[in-house]
Amino acid sequence: AMLRLRLLTWDVKDTLLRLRQPVGQSYAAEARAQGLQVQPEALGRSFREVYGAQGRRFPNYGHGQGLSSRQWWLDVIKQSFRLSGVQDEAALTKVAEKLYRDYCSSHNWEMLPGAAETLSRCRQLGLRMGVVSNFDSRLEVILSQCNLRQHFEFVLTSEAAGFAKPDRRIFEQALRLGGARPEQAAHIGDDYSRDYRAARAAGMHSFLLREAGQGEGPEVPPEHVLPTLSHLLARIEK
């Protein structure tokens with residue numbers, strides 16, 4: 001049966017775009033340009049620890065806690081370097097500002113296979129499209145730089161919404177922006193709980209991008225799984 005969809009909402013990171021190299025590598029390269037020597041692996045470990053702690057202490061980029069997302073990120077970057085043994089605060093401030101800006105540019109991001117073609121085909125089918133992403137306000141610029149912004153009627157970040165997935169309120173905002181009822185909409189993402197299950201809890205359809213050999217996650221009906229983005233059209237045109 002045709003799903004009779006009007007609206008598709010999309011996650012971005014690891015669904016449409018992914019980082020070209022691990023965070024530790026790009027952070028270490030930027031530090032080297034400022035004369036700081038740091039091991040990429042150590043920096044990657046420090047980053048994961050600091051990012052996790054910051055997210056628990058100031059959820060959704062400090063929204064409603066008096067922190068801008070820019071300050072949230074500058075703190076994460078500097079703290080990651082400090083934890084990796086860097087003590088030159090003046091150099092750290094320079095590196096953090098530069099990295100914060102650099103992650104807006106397309107040289108840090110690449111498209112996942114099938115992304116551009118799938119988005120174009122979905123638009124040709126007359127589907128309305130929007131982004132629903134746990135991301136900060138830089139996402140508009142990133143999508144523009146990576147030549148994907150034109151596919152979407154709206155870009156809803158958790159920072160702008162004030163709620164992060166899996167909170168159903170971010171999906172409810174997206175449905176309002178897309179002018180669709182939940183049963184007329186489907187969400188596509190790579191995270192089982194934040195994307196697949198959360199959209200279904202809001203009454204939407206959803207598809208889980210799960211590449212072969214990604215390890216066994218929770219059971220998902222095979223017709224809801226996308227081994228690649230190019231599988232989406234067959235799923236929604238049925």
Side-chain angles (χ1 to χ4, degrees), residues 11-63 65-113 133-139 141-142 145-146 157-159 164-166 189-198 208-218:
D11 172 53
V12 176
K13 187 173 180 293
D14 296 326
T15 297
L16 294 171
L17 295 174
R18 62 186 169 206
L19 291 173
R20 289 185 191 270
Q21 57 175 0
V23 169
Q25 281 180 28
S26 36
Y27 278 29
E30 188 51 55
R32 273 197 304 280
Q34 293 287 340
L36 302 172
Q37 292 304 315
V38 199
Q39 280 305 110
E41 291 73 23
L43 199 44
R45 280 194 301 276
S46 297
F47 171 79
R48 284 189 294 277
E49 188 177 321
V50 169
Y51 177 87
Q54 184 87 328
R56 286 187 294 276
R57 190 174 167 209
F58 300 107
N60 197 12
Y61 310 105
H63 181 94
Q65 293 174 284
L67 209 59
S68 69
S69 58
R70 182 175 168 277
Q71 194 53 56
W72 191 98
W73 272 113
L74 294 176
D75 290 348
V76 165
I77 298 166
K78 289 195 250 191
Q79 196 56 37
S80 300
F81 279 101
R82 289 185 197 119
L83 194 59
S84 304
V86 176
Q87 276 147 6
D88 182 340
E89 285 295 320
L92 269 192
T93 299
K94 274 205 192 99
V95 169
E97 295 277 357
K98 179 91 166 56
L99 281 167
Y100 177 77
R101 283 196 309 273
D102 275 1
Y103 272 83
C104 278
S105 83
S106 57
H107 74 242
N108 268 315
W109 298 94
E110 64 186 7
M111 267 188 239
L112 268 80
S133 172
N134 288 357
F135 217 97
D136 61 82
S137 54
R138 291 175 296 175
L139 189 58
V141 180
I142 292 168
Q145 294 277 325
C146 296
T157 63
S158 58
E159 181 179 9
K165 301 179 295 188
D190 69 301
D191 187 282
Y192 173 77
S193 57
R194 285 193 292 266
D195 292 310
Y196 177 77
R197 206 178 61 197
L208 182 65
L209 180 65
R210 187 187 266 174
E211 294 166 0
Q214 256 190 355
E216 279 314 296

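Note that the structure is a prediction, hence the values are computed from the model and not measured.
Between Glu110 and Leu17 there is no side-chain heavy-atom pair separated by less than 4.5 Å. Considering only heavy atoms from C-beta on, Thr157 stays 4.5 Å or farther from Asp136 through its side chain. By the 4.5 Å heavy-atom criterion applied to side chains, Val50 and Leu83 are counted as neighbours. Inter-residue side-chain proximity for Arg197 and Tyr192 is flagged as met; some heavy-atom pair is nearer than 4.5 Å. Residues Leu209 and Asp195 have side chains not in contact (no heavy-atom distance under 4.5 Å, counting atoms from C-beta outward). At least one side-chain heavy atom of Val12 sits under 4.5 Å from a side-chain heavy atom of Leu139. Within the 4.5 Å cutoff, the side chain of Arg70 has no heavy atoms near those of the Tyr61 side chain.
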Applying side chain to side chain contact (heavy atoms under 4.5 Å, CB included) to Ser26 and Asn108, what does each step give before you reach the verdict?
CA-CA 8 Å; Ser26 36; Asn108 268 315; 4.1 Å; yes
Evaluate Leu36 against Asp88 for side chain to side chain contact (heavy atoms under 4.5 Å, CB included), listing each step before the verdict.
CA-CA 9 Å; Leu36 302 172; Asp88 182 340; 4.2 Å; yes
Can you list the steps and then say if Gln39 with Leu43 is a side chain to side chain contact (heavy atoms under 4.5 Å, CB included)?
CA-CA 6 Å; Gln39 280 305 110; Leu43 199 44; over 6 Å; no
What's the verdict on side chain to side chain contact (heavy atoms under 4.5 Å, CB included) for Phe135 and Ile142, showing C-alpha distance, side-chain angles and the deciding distance?
CA-CA 11 Å; Phe135 217 97; Ile142 292 168; 3.6 Å; yes
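Scanning both residues, Ser106 and Gln145, for their nearest heavy atoms gives CB-O, 3.6 Å. The minimum heavy-atom distance linking Lys165 with Ser133 is given by the pair NZ-CA, 4.0 Å. Here the shortest heavy-atom pairing between Pro59 and Gln65 reads CD-OE1, 3.3 Å.
Using cut-offs of 30° and 60° for the angle between ring planes, the Phe47 and Trp73 rings count as parallel.
Going from atom CG of Asp102 over to atom CZ of Arg138 covers 10.0 Å, rounded to the nearest 0.5 Å. Between the CG atom in Leu99 and the NZ atom in Lys94 there is a gap of 13.5 Å [rounded to 0.5 Å]. To the nearest 0.5 Å, the span separating OG on Ser68 from NE2 on His63 amounts to 12.5 Å. How far CD of Gln21 is from NE2 of His107: 8.5 Å, rounded to the nearest 0.5 Å. Atom OG1 of residue Thr93 and atom NZ of residue Lys98 lie 15.5 Å apart, to the nearest 0.5 angstrom. Of the inter-residue distances, the one linking Met111 atom CE with Cys146 atom SG reads 6.5 Å to the nearest 0.5 angstrom.
Under 4.0 Å is where a charged nitrogen must lie from a carboxylate oxygen, and between Arg194 and Asp11 no such pair does. The pair Asp190-Arg210 fails the salt-bridge criterion, with no side-chain N (NZ, NE, NH1 or NH2) lying under 4.0 Å from an Asp/Glu carboxylate O. Under the 4.0 Å criterion applied to side-chain N and carboxylate O atoms, Arg18 and Asp14 are not assigned as salt-bridge partners.
Checking Arg82 against Gln79 by side-chain atom types alone, a donor-acceptor pair falls below 3.5 Å. Under 3.5 Å, the side chains of Ser69 and Glu159 contain a donor-acceptor pair of N or O atoms. Counted by atom type alone, Ser84 and Ser46 present one or more donor-acceptor pairs between their side chains at under 3.5 Å.
Looking at Asn134, its side chain never comes within 3.5 Å of a backbone N or O of Ser158 through a donor-acceptor pair.
Outside the 6.0 Å centre-distance limit, the rings of Trp72 and Tyr100 are not counted as a close aromatic pair.
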